[in-house]
There are 2 protein chains.
Amino acid sequence: MFAKFLSLDKEKQDRIINAAMKEFAQKGYDKASTNEMVKEAGISKGLLFHYFQNKKQLYFFLYDHMTQLLVEQIEEKVDKEERDLFIRVRQMALVKLEIFQMYPELFNFAKSIFMETSAEVIHEVGQRGKELLESYFKDFKGDIDFSKFKKGIDVHKAFNIIAWTLEGFGFQQQKKVQSLSIENLDIEEALKEMDEYLDMLRNAFYE
Amino acid sequence: MFAKFLSLDKEKQDRIINAAMKEFAQKGYDKASTNEMVKEAGISKGLLFHYFQNKKQLYFFLYDHMTQLLVEQIEEKVDKEERDLFIRVRQMALVKLEIFQMYPELFNFAKSIFMETSAEVIHEVGQRGKELLESYFKDFKGDIDFSKFKKGIDVHKAFNIIAWTLEGFGFQQQKKVQSLSIENLDIEEALKEMDEYLDMLRNAFYE
DNA sequence: AACACTATTGACCAAGTGGGTCAATAGGAT
DNA sequence: ATCCTATTGACCCACTTGGTCAATAGTGTT
């Protein structure tokens, strides 16, 4: 169904994907403008509608395509046998970083889907989202080794603190990239800093 | 200049303020629709433009009015002599909670201002924002007692972890309020939970 | 050169929405 | 009755929307 689009050279594909995700993420389905997308992607209006029948089809193409990418990457790069929470969390962060470098708008797009209120798409979004996200989180909770935690620590709360810290750190880095122009963010440096945060939390929560 | 508006009964004022902040926060200045605002507030289009000359004036009224409220409340309820980081942070959280109960959209509105890109308002926003936010954060960093921290702890990072945890927790509670209908959130319960998070972090970082 | 075939453009369309206006009405006070 | 203000919502025109389509550019084959 998207054979024409998928046979484009990858660079152009990605330009279109990123432009569309950015617009949908910022404005929501209804207010997102296909005009803005084509301007940002540097293609003509006609071309976008040559590849995708209409706005809705484009939206769900992005949804499915990006979901697939996410699942693939997690499957490939996260070791499901690893039982240490911090190592698992770190692996997830690496996956996120890698994807972010290719599709900087993907996570904003994903977040925006949760907040979507448009009557046009909300039903179908609801349907597709359920299964996937559930299986994804069940996988993750899988079998973490909680015996390493100090006695008396509420592991659920500890997990939240770790997640929120990573989220906050990620957001901070994202803003840094946006302000300091293009990809001259020192990734090594950022990872080192992230590890320092994780070390602090490991010392705080592990025996 | 806004005498007419300010002499309205407070309930109606707040309905209008909340509706406008919500719309601006969700869509950004340009795409925010005054039609949506009046629909949400339950007033007529004409009335809104009876109180405010135009959209821009409304926007900056909200900006100034909410800034003032925030500063007042912090001035009143945060003890500047208190040198313990956790106590100070908790006081700030209480201020935030109180404001949130009256203006649930205020913090979303504030966040949206930072991301505003509209040519119409961006310059003036930039100008007003600077002074205020700077003085606000200088005040806060004021003179916290860092001697209570464990040796070897990076206090800057510790502060970030605390801030991100509070942010994450706050966001979680906000979502809970939105989904579980109106104000039947148990505030006592929420505060207790927040204190448990703060206790965990105090144990982690203090000697 | 001539032809075929696809990729790509952008002017164009009808429908809808935007901010803002204003004559008309409702309500209350005197 | 009269005056004054608060409030309404139909209306205006400019602009944007998703989507179309005839025309053009580009590429390869003969």
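Between A:K27 and A:E36 there is no salt bridge, since no side-chain nitrogen of the basic residue lies less than 4.0 Å from a carboxylate oxygen of the acidic one. In summary, A:D195 and A:K192 do not engage in a salt bridge, as defined by a charged side-chain N under 4.0 Å from a carboxylate O. In summary, A:E120 and A:K55 do not engage in a salt bridge, as defined by a charged side-chain N under 4.0 Å from a carboxylate O. Using a 4.0 Å cut-off between charged nitrogen and carboxylate oxygen, B:R15 and B:E40 do not count as a salt-bridge pair.
Between A:Y63 and A:F60, the ring planes lie tilted relative to each other; the angle falls in the 30° to 60° range. Under the 30°/60° scheme for interplanar angles, the aromatic rings of A:F52 and A:F5 are found to be tilted.
The distance from atom CZ of B:F49 to atom C1' of C:dT21 is 10 Å, rounded to the nearest whole Å. In this structure, B:Q57 atom CD and C:dG19 atom C1' are separated by 14 Å, rounded to whole Å. The nearest whole Å value for the distance from the CZ atom in B:F5 to the P atom in D:dT7 is 11 Å. Atom pair A:E120:CD and D:dG18:C1' shows a separation of 11 Å (rounding to whole Å applied). Atom-to-atom, CG of B:L48 to C1' of C:dG18 comes out at 14 Å; the value is rounded to the nearest Å. If you measure from atom CG of A:L47 to atom P of D:dT24, you get 18 Å, rounded to the nearest angstrom. Rounded to whole Å, the distance from NZ on B:K56 to C1' on C:dG20 is 16 Å.
OP1 or OP2 of C:dT8 lies within a sub-4.0 Å distance of a side-chain N or O belonging to A:Y51.
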Worksheet item: Could you go step by step and tell me if A:F107 and A:F100 meet the ring-ring contact (aromatic ring centres under 6.0 Å, His included) rule?
Response: CA-CA 8 Å; A:F107 298 101; A:F100 180 81; 7.1 Å; no
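In this structure, the nucleotide among D:dG18, C:dA7, D:dT7 sitting nearest to the side chain of A:K4 is C:dA7.
Near DNA chain D, meaning a heavy atom under 4.0 Å from it, residues 27-45 of chain A has A:A32, A:S33, A:T34, A:N35, A:K45 in order of number. Heavy-atom distances under 4.0 Å link DNA chain D to B:K12 of residues 6-22 of chain B, given in residue order.
Residue A:K175 qualifies as open at atom NZ: its count of foreign heavy atoms under 6.0 Å is 12 or below.
A side-chain N or O of B:K45 and one of B:N35 form a donor-acceptor pair less than 3.5 Å apart.
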